[in-house]
Amino acid sequence: MILIVFFIQHQSKHEIHILKTGKYYQLKINYPLLHSKEIDSEIKEYVYKNKKEFLNKVSKIKNIEKSGKYDFIVQYQMSHEDNVYHIRLETHVYTGEKYIRDDKSFHYDVKNKKFLTLNHYLKDESSLEKLSLLSYYYIMEYGQNIGKSFAEDIVKEKTIPNIENFIHFDFKPNGFEILFPFYEIPNWKDGDIKIIIPYNEINELLKPQYQKKEKEILKEPITPENRNLGKYKNKKLIAFTFDDGPSTSTTSSLLDGLRKYDAKVTFFVLGNRIEANEEVLKRAYKEGHVIGSHTYNHRNLLLLSDYERMQEIKSTNDLIEHVIGIKPILLRPPYGNINDDIKKLSHMHTVQWSIDTLDWKNKDKEVIANEIVEKAQDGAIVLLHDLYQTSVDGALLAMERLEAEGYAFVTILELARLKNIDLDYTTSYFNFSN
Ligand code: ZN
């Protein structure tokens with residue numbers, strides 16, 4: 001047997017290459033050189049520490065395998081925007097049995113000589129929470145796409161809002177990339193999990209200077225008609241809400257009628273109805289009404305898995321954003337069914353109601369109007385459905401009578417503002433009465 005032992009160390013302007021074949025092992029090392037002291041020494045330290053461990057292990061091995069040499073490989077990936085470099089070093093070590101991998105990411109600002117974490121890019125604390133939800137969703141979706149499903153609890157754990165879970169990130173042309181190395185996911189043998197979160201979703205989590213544009217999905221938001229709330233300060237206020245729409249004919253008829261009472265209302269729309277009724281939804285938003293989500297398929301969220309819950313919510317939010325240019329922040333869960341887990345997943349404000357007209361059942365405008373007028377009080381939230389002309393007529397009839405009693409008709413967001421309520425993600429709002 002002939003033993004070839006050789007050693008090459010080559011330094012180019014931006015890279016170090018080391019290739020060494022010993023009797024029982026080989027080293028193949030590549031790492032970048034940035035000509036900035038701190039980062040270069042950090043990288044070198046990482047590489048040499050691992051190399052030392054490897055050589056130590058090799059020196060202790062008594063029965064060298066005949067099948068092959070022990071192996072130490074370092075390779076890297078690097079990208080940069082302006083003066084910040086994103087570098088990920090990948091180490092593969094074989095000392096028998098199987099390769100062990102390790103990853104190390106650096107995000108370094110060469111101009112300001114600073115190591116950055118994702119915190120540097122995130123807008124505020126809630127951004128990390130939101131990123132955690134989005135990552136969870138995209139990993140689950142990735143699993144579905146390749147026909148393998150992950151255990152929800154494992155993915156949850158790997159995406160909890162801890163900055164340590166989001167070390168391997170990069171800004172790619174098509175979105176924000178996060179890598180979850182395969183070895184960090186128990187029982188996962190199908191390679192690294194790389195997710196790309198499109199910029200239209202990640203932008204709201206980033207500080208303005210780091211937000212990026214994606215040509216195809218960027219849409220100019222429609223500017224809604226805004227009204228001065230000053231004159232409502234001393235009025236009795238009611239928020240009318242309409243679920244299960246939009247519906248081109250009945251919603252349009254409602255929008256026409258609302259003008260007469262200077263009324264603004266809140267629509268909780270179904271995702272699966274948006275495409276067919278896009279124009280009326282756009283009109284409602286333009287005219288100053290608020291668009292909230294009633295989920296995509298009107299399924300009972302309590303009976304779904306977390307991933308299905310997010311699908312119901314996220315797909316609807318994406319569609320609404322596609323039509324009006326902004327994502328909704330209000331959620332009315334179908335049947336009012338919600339729990340703390342779903343609230344956390346949705347990261348939206350949950351709006352219930354205090355006056356249930358049962359309009360879908362009684363379909364009589366007089367009965368509906370009477371029900372509302374009888375139960376009306378300052379801060380109430382009325383539940384109706386703009387799928388039925390009787391509901392539209394009943395609502396307008398109630399407004400006519402309530403206006404005479406000194407009521408004004410506002411959206412949920414206006415009502416919260418006028419009552420000085422800061423909406424949070426954990427409360428279910430049934431009314432805004434004092
Ligand atoms: Zn409904």
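Note that ligands are numbered from 1 as they come in the structure, with each ligand's atoms numbered from 1 the same way.
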Original post:
Counting only protein N/O/S, how many atoms fall short of 2.8 Å from the Zn ion (ligand 1)?
Top reply: 3

Original post:
Is it true that the NZ or CZ of Lys212 lies under 6.0 Å from the centre of Phe171's six-membered ring and within 45 degrees of the ring axis?
Top reply: yes

Original post:
What ring-ring contact (aromatic ring centres under 6.0 Å, His included) pairs are there with at least one residue in residues 393-420, not counting sequence neighbours?
Top reply: Phe240-Phe409

**OP:** Could you list all the ring-ring contact (aromatic ring centres under 6.0 Å, His included) pairs where at least one residue sits in residues 415-434, not counting sequence neighbours?
**Re:** His347-Tyr425, His349-Tyr425, Tyr429-Phe432

Original post:
Quick check, are the ring centers of Phe169 and Phe176 under 6.0 angstrom apart?
Top reply: yes

**OP:** Taking Asp192 for its side chain and Phe182 for its backbone only, find out whether a donor-acceptor pair lies under 3.5 Å.
**Re:** yes

**OP:** Output every pair passing ring-ring contact (aromatic ring centres under 6.0 Å, His included) with a member in residues 130-150, not counting sequence neighbours, ordered by first then second residue.
**Re:** Tyr137-Tyr307, Phe150-Trp188

